[in-house]
A.B. asks: 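Here it is, the structure, as structure tokens.
Computation of the quantities below employed the complete heavy-atom set of this structure, encompassing side-chain atoms and omitting hydrogens, waters and symmetry-equivalent molecules.
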Amino acid sequence: MTLPDTPSNPAGADRTFQVDLRGLVDLLSHHLYSSPRVYLRELMQNAVDALTARHALEPAAPAAPFGIRLYADGSVVRVEDDGVGLTEADVHTFLATIGRSSKRAEGIAEQRGDFIGQFGIGLLSCFLVADEIHVLSRSARTPDAPAVEWRGRGDGSYTVRTLPASARPRPGTTVTLTPRADAVEWTRPAQVHALARHFGSLLRHPVTFDDGTGGPGGPGGPGASVNPEPAPWARTYPTPGARSRALAAYGEEVFGFTPLDTIELDLPAVGLKGIACVLPEAVPAGRRHGHRVHVKGMLLSEQAEEILPDWAFFVRCVVDAESLRPTASRESLYEDDTLAAVRDALAERLRAWIARAAASDPDLLGRFLQAHHLAVKSLAVHDDEILRMLLPWLPFETTDGHCTLDEFARTHRTVLVTSSVEEFRQVAAIASAAGLGVVNGGYTYDRELVHRLPEIRPEASVADLDPATLTAHLDPVDRETELAAAAYLAQARDALAVFDCDVALRTFQPASAPALLVDSREARHERTRSQLAREQEGGLWGDILGALRQEAPRAQLILNQLNPLVRTAVTIDEPELARTSAEALYGQAAMLSRRPLRPAESSLINRSFLDLLAHALRKDS
């Protein structure tokens, strides 16, 4: 809204923005904060920062008497601290000016890294659950200053008045909220206590909670501690084993699973400490787990994905850091050079853990790889050190079963690798019987990793498997047998011409396999494109496909002369029955390849079965 020009507002004069506080609070609730529950975190955070400033002001004072006290009885929520406090001038300057942080005052600007909050909007979060905020404070910087009371309301108005020193005998601040009826779920005593534990369990200052019942003991009793123990990595233990068990128990408490192992994280340069818990089961590569990040003890986020690189989805971390910057909402981390350096350093810690397991704990390494081989493969593709260290240990699907490349390369000097899963399934049984060593390269990362085996084992040779390599290891039949089967083979080629499939007769093991269909995915795609080009000939689309057309490679149905069914089939002299038997052999081979069947192939399998059944019934009648 533009103010009219008046003697008090002449044209061209500077004006100040008019802030609609209710609209701003609505903006915060819908776009900055994830939930109204953050009001308690903001109040605790302000209290912690006030205590930090008090310690900076009185460095020789013992830390024990300074703390935070929470109170909630269902009618009010109160947060009291023994921090630096505020004077009347401070209240007018900071509490009544949106966006100005009290942490900037009186020479503290250069110490902002010591504080959690740096944006000056935290107190507004209280309007998410209350219509009025009452602040009572007394300054430790100016001991003879009176106590000051500030009342802020959701309509944007506030009042300030000074009180006798007896109203607040000791320096510090008390913030009191009277909850609205629609915010009762966030201000019940049990909920306030749970939120205090959730956000403040690792705070370094003592935090207590009182629910007003006056009863001894229990979570809500007077003086009940919210953070009774320091972080588990900050405690001392009698033995390394006891420390390891305690960290694993903490990881299970936080994340709800028993870690396969725990990795201690310690980056002194940024004041970061914590643990990474190795997940006991595999997770999909695309699913990223969030990590639990505390800043100076206060929980910042439970879903901080950015703290680790993408490939580290086999761990979940809980860390506490000094130098990471929170965003304005203080629910995620600010992406800067410090965060990037922390991410790289933590990644190096994970690599070091893998290296130690490979060098000194093969049992742990085996269990880890069994669950997380895909994560390690994704890392090995881009990390030469991990590649050299773990490639021989990684499991692959091969013609010798599931085994490591190290085991497989000792048996097969030449390692053949397929480009797809279906190609491997087509040839696995035949290749194994022929003594060929074939690895399934159709899974994510596998083909690329197998081709890098000679970097680790120079004596090993790796090549892509192609139909010529396989058929070269199939024995030809003698000339007399081939001539005797010539008429049948001609009928079979004619029957299968619709599938661009050639037919040949060979001998190979196992004898139980009647036929082998050699047909790559690329060949099928090329034949489909050529067929579309023929059908669209003359049109624009046909011209485009024709320009892309190559000589379409043909599929090959290789019949096994050692198989009794094939030996019987090649003697059939009845043309229709010969065609039907060839179609049936093709259909069986296509199903054994485990690739998706085209509609024409499904129709052929059904038709050939019915025709063979009808022929058998006519013969019996």
A.B. asks: Indicate whether the side chain of D266 and that of W233 have a donor and an acceptor atom separated by less than 3.5 Å.
C.D. replies: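 Looking only at side-chain atoms, W233 and D266 do not form any donor-acceptor pair under 3.5 Å.
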
A.B. asks: In plain terms, say whether R204 and E322 are close enough for a salt bridge, that is, a side-chain N and a carboxylate O under 4.0 Å apart.
C.D. replies: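 Yes, R204 and E322 are salt-bridged.
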
A.B. asks: Can a donor-acceptor pair be found between the side chains of R168 and T174 at a distance below 3.5 Å?
C.D. replies: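 There is such a pair between these side chains.
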
A.B. asks: Less than 4.5 Å apart, any side-chain heavy atom of L70 and any of T208?
C.D. replies: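 L70 vs T208: side chains apart.
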
A.B. asks: What is the distance from atom CG of D131 to atom CG of D155, rounded to the nearest 0.5 Å?
C.D. replies: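 Between atom CG of D131 and atom CG of D155 there are 9.0 Å.
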
A.B. asks: Find out whether T444 and K377 are in side-chain contact, i.e. whether some heavy atom of one side chain is under 4.5 Å from a heavy atom of the other.
C.D. replies: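 Of all side-chain heavy-atom pairs linking K377 with T444, none is under 4.5 Å.
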
A.B. asks: Measuring only between side-chain heavy atoms, which start at C-beta, is W150 closer than 4.5 Å to L86?
C.D. replies: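 A side-chain contact under 4.5 Å is absent here.
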
A.B. asks: In this structure, which one of I307, V270, L300 forms a side chain to side chain contact (heavy atoms under 4.5 Å, CB included) with L324?
C.D. replies: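 Among the candidates, only I307 passes.
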
A.B. asks: State the CZ-CG distance between R54 and D82, to the nearest 0.5 angstrom.
C.D. replies: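 So the gap between those two atoms works out to 6.5 Å.
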
A.B. asks: Please find the pair of heavy atoms, one from R316 and one from H291, that lie closest to each other, and give the distance.
C.D. replies: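 Heavy atoms only, the tightest pair is CA-ND1, 3.5 Å.
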
A.B. asks: Would one find more than 12 heavy atoms of other residues, nucleotides or ligands at under 6.0 Å from atom CG of D337?
C.D. replies: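 Incorrect, the count does not exceed 12.
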
A.B. asks: Closest approach of A357 and L364, non-hydrogen atoms and distance?
C.D. replies: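 Heavy-atom minimum between the residues: CB-CD2, 4.4 Å.
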
A.B. asks: Judged by atom type as modelled, is there a donor-acceptor pair below 3.5 Å linking the side chain of E42 to the main-chain atoms of S125?
C.D. replies: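 No, E42 side chain to S125 backbone: no donor-acceptor pair under 3.5 Å.
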
A.B. asks: Drop me the distance from L449's CG to L387's CG, to the nearest 0.5 angstrom.
C.D. replies: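 Taking CG in L449 and CG in L387, the distance rounds to 6.5 Å.
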
A.B. asks: Might you work through the side chain to side chain contact (heavy atoms under 4.5 Å, CB included) test for F199 and M298, ending with a clear yes or no?
C.D. replies: CA-CA 6 Å; F199 289 119; M298 183 70 72; 3.9 Å; yes

A.B. asks: How many angstroms lie between atom CZ of R37 and atom CG of L128, to the nearest 0.5 angstrom?
C.D. replies: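 R37 atom CZ to L128 atom CG measures 13.0 Å (nearest 0.5 Å).
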
A.B. asks: Testing the basics here: between L350 and A312, what is the closest heavy-atom pair and its distance to 0.1 Å?
C.D. replies: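 In terms of heavy atoms, the two residues are closest at CD1-CB, 3.6 Å.
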
A.B. asks: Taking C-beta and beyond as the side chain, do D320 and K273 meet within less than 4.5 Å on heavy atoms?
C.D. replies: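 D320 does not reach K273 side chain to side chain.
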
A.B. asks: Please walk me through it: do L40 and V192 pass side chain to side chain contact (heavy atoms under 4.5 Å, CB included)?
C.D. replies: CA-CA 8 Å; L40 189 65; V192 172; 4.0 Å; yes

A.B. asks: Give a yes or no on whether E58 atom CD has more than 12 heavy-atom contacts from other residues, nucleotides or ligands under 6.0 Å away.
C.D. replies: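 Enclosed: over 12 neighbouring heavy atoms sit under 6.0 Å from CD of E58.
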
A.B. asks: Judged by modelled atom types alone, do R153 and S157 share a side-chain donor-acceptor pair under 3.5 Å?
C.D. replies: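 Result is yes, a qualifying pair exists.
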
A.B. asks: Out of curiosity, L390 CG to D383 CG, how far, rounded to the nearest 0.5 Å?
C.D. replies: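 If we round to the nearest 0.5 Å, L390:CG and D383:CG are 9.5 Å apart.
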
A.B. asks: Donor-acceptor pair, distance only, cut-off 3.5 Å: does the side chain of Y39 make one with the backbone of W186?
C.D. replies: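 Flag set: sc Y39 to bb W186 pair under 3.5 Å.
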
A.B. asks: Relative to each other, are the rings of F368 and F314 parallel, tilted or perpendicular (30° and 60° limits)?
C.D. replies: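 Taking F314 first and then F368, their aromatic rings stand perpendicular (interplane angle over 60°).
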
A.B. asks: Check A167 against L136 and note the closest heavy-atom contact, atom names and distance.
C.D. replies: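 Residues A167 and L136, closest heavy atoms: O-CD2, 3.4 Å.
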
A.B. asks: If you define the side chain from C-beta out and look only at heavy atoms, does anything of L177 sit under 4.5 Å from V76?
C.D. replies: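 Result no, sub-4.5 Å side-chain heavy-atom pair not found.
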
A.B. asks: Go through E264 and L247 one step at a time and tell me if the side chain to side chain contact (heavy atoms under 4.5 Å, CB included) criterion holds.
C.D. replies: CA-CA 9 Å; E264 285 208 56; L247 294 179; 3.5 Å; yes

A.B. asks: Could you tell me whether the side chains of H134 and E149 share a donor-acceptor contact shorter than 3.5 Å?
C.D. replies: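 H134 vs E149: donor-acceptor pair found between side chains.
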
A.B. asks: Any sub-3.5 Å donor-acceptor pair from S360's side-chain atoms to R356's backbone N or O?
C.D. replies: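 It does hold such a pair.
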
A.B. asks: Picking from E335, E306, E305, what satisfies salt bridge (Lys or Arg N to Asp or Glu O under 4.0 Å) with R343?
C.D. replies: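 In the set E335, E306, E305, the residue that makes a salt bridge (Lys or Arg N to Asp or Glu O under 4.0 Å) with R343 is E335.
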
A.B. asks: Without hydrogens or angle criteria, can the side chains of T258 and E252 be said to hold a donor-acceptor pair below 3.5 Å?
C.D. replies: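 Yes, because at least one side-chain N or O of T258 sits under 3.5 Å from a partner of the opposite role on E252.
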
A.B. asks: On a heavy-atom basis, which atom in P164 and which in A147 lie closest, and how many Å separate them?
C.D. replies: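 Scanning both residues completely, I find the closest heavy atoms to be O-CB, 3.9 Å.
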
A.B. asks: Decide yes or no on salt bridge (Lys or Arg N to Asp or Glu O under 4.0 Å) for E385 and R351, but give the supporting numbers first.
C.D. replies: CA-CA 9 Å; E385 182 181 351; R351 290 189 185 96; 6.0 Å; no

A.B. asks: Please report the shortest heavy-atom distance between G83 and L51, naming the atom on each side.
C.D. replies: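 Nearest pair, atom of G83 first, then L51: N-CD2, 3.7 Å.
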
A.B. asks: Does the side chain of I68 reach to within under 4.5 Å of the side chain of P206, using non-hydrogen atoms?
C.D. replies: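 Side chain of I68 against side chain of P206, heavy atoms only: no contact under 4.5 Å found.
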
A.B. asks: Over 60° means perpendicular and under 30° means parallel, so tell me whether F257 and F255 are parallel, tilted or perpendicular.
C.D. replies: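 Parallel: the ring planes of F257 and F255 meet at under 30°.
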
A.B. asks: Could you please spell out the steps behind the ring-ring contact (aromatic ring centres under 6.0 Å, His included) verdict for H55 and F66?
C.D. replies: CA-CA 9 Å; H55 284 300; F66 298 154; 5.2 Å; yes

A.B. asks: Distance only, no hydrogens: is a donor on one side chain within 3.5 Å (strictly under) of an acceptor on the other, for D49 and T52?
C.D. replies: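 No, because no side-chain N or O of D49 sits under 3.5 Å from a partner of the opposite role on T52.
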
A.B. asks: Could you tell me whether the side chain of L279 reaches within less than 4.5 Å of the side chain of L260, counting heavy atoms only?
C.D. replies: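 L260 does not reach L279 side chain to side chain.
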
A.B. asks: Do V135 and T173 make a side-chain contact, defined as non-hydrogen atoms from C-beta onward lying under 4.5 Å apart?
C.D. replies: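 Yes, side chains in contact.
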
A.B. asks: Going through the checks in order, is the side chain to side chain contact (heavy atoms under 4.5 Å, CB included) test met by V148 and R138?
C.D. replies: CA-CA 6 Å; V148 59; R138 183 176 177 186; over 6 Å; no

A.B. asks: Any side-chain to backbone donor/acceptor pair from N227 onto H205? Under 3.5 Å, distance only.
C.D. replies: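 Yes.
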
A.B. asks: Ignoring hydrogens and geometry, is there a side-chain-to-backbone donor-acceptor pair from S139 to T142 under 3.5 Å?
C.D. replies: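 It does hold such a pair.
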
A.B. asks: Any chance you could measure R235, atom CZ, to R243, atom CZ, to the nearest 0.5 Å?
C.D. replies: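 Answer for the CZ-CZ pair, R235 versus R243, is 10.0 Å.
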
